[in-house]
Amino acid sequence: MTNVFRMIVSATLLAGCAQMEETARPAPATAPQEEPEAPETDEAAEISAEPSPATGDLGLTVASLGTAKEPGLWLRTPLVDVPGRGRLTYARTGKTVEVDLMPLDAPRGAGSQLSVAGFQALGAPLTALPELRVTGLGG
């Protein structure tokens, strides 16, 4: 029986060696895979795709008093799509003031919200609804 046992062990070892030899062989060489080229991007086109702050005459708006908790000179208005700088003119007093223009999600003719400091700088009573000319100054 020992001869039979030796034969079985020898056959098993030989089979194992044959398997190891197959896995140890290097894989056949294949042509290098070409990576797809990334599409060229035009950096100027990407930059111009972003909206820029409005410039020039943006129109008239009726302003109500904005939140008193937010300090500074600002106007939330549907006349702009992105934040920027602007100038407000109040014809009744002839005064102008530069403010931060911020988008207001509302229809274009819905009116705007002006800061307390903006009302004071234009000489408008806080209970008034002043009609203001809005001029965009860009960024």
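Scope of the values below: all heavy atoms of this structure, side chains included, with no hydrogens, waters or symmetry mates. Treat the numbers as computed from the prediction; the structure is a model and nothing was measured.
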Side-chain heavy-atom pair L73, D100 within 4.5 angstrom cut-off: no

Validation row: L114, L132 side chains within 4.5 angstrom (heavy atoms): yes

Reported OG1-to-CD distance for the pair T135 and E98, which is rounded to 0.5 angstrom: 10.0 Å

Cluster companions of W74 among Ile, Leu, Val, Met, Phe, Trp, Tyr (side-chain spacing under 4.5 Å): M102

Hydrophobic cluster identity match, L104 and V116, side-chain contacts under 4.5 Å: no

Gap between atom CG of L122 and atom NZ of K95 - 0.5 Å precision: 8.0 Å

Residue pair P103 / P78, side-chain heavy-atom distance below 4.5 Å: no

Test item: S115 side-chain N/O and G72 main-chain N/O as donor-acceptor pair under 3.5 Å: yes

L101 CG to L58 CG distance, which is reported to the nearest 0.5 Å: 7.0 Å

Spacing of OG1 belonging to T61 relative to CD belonging to Q113, to within rounding of 0.5 Å: 10.0 Å

Within 6.0 angstrom of D105 CG, more than 12 heavy atoms from elsewhere: no

Trace of the side-chain contact (heavy atoms from CB on, under 4.5 Å) decision for R133 with L88: CA-CA 6 Å; R133 168 76 51 199; L88 306 179; over 6 Å; no

Gap separating the OG atom of S112 from the CG atom of L129, nearest 0.5 angstrom: 11.5 Å

Sequence neighbours excluded, every pair satisfying salt bridge (Lys or Arg N to Asp or Glu O under 4.0 Å) that has a member inside residues 111-123: none

Close side-chain approach of R87 to L137, heavy-atom, < 4.5 Å: yes

Side-chain heavy atoms of P125 within contact of F119, under 4.5 Å: no

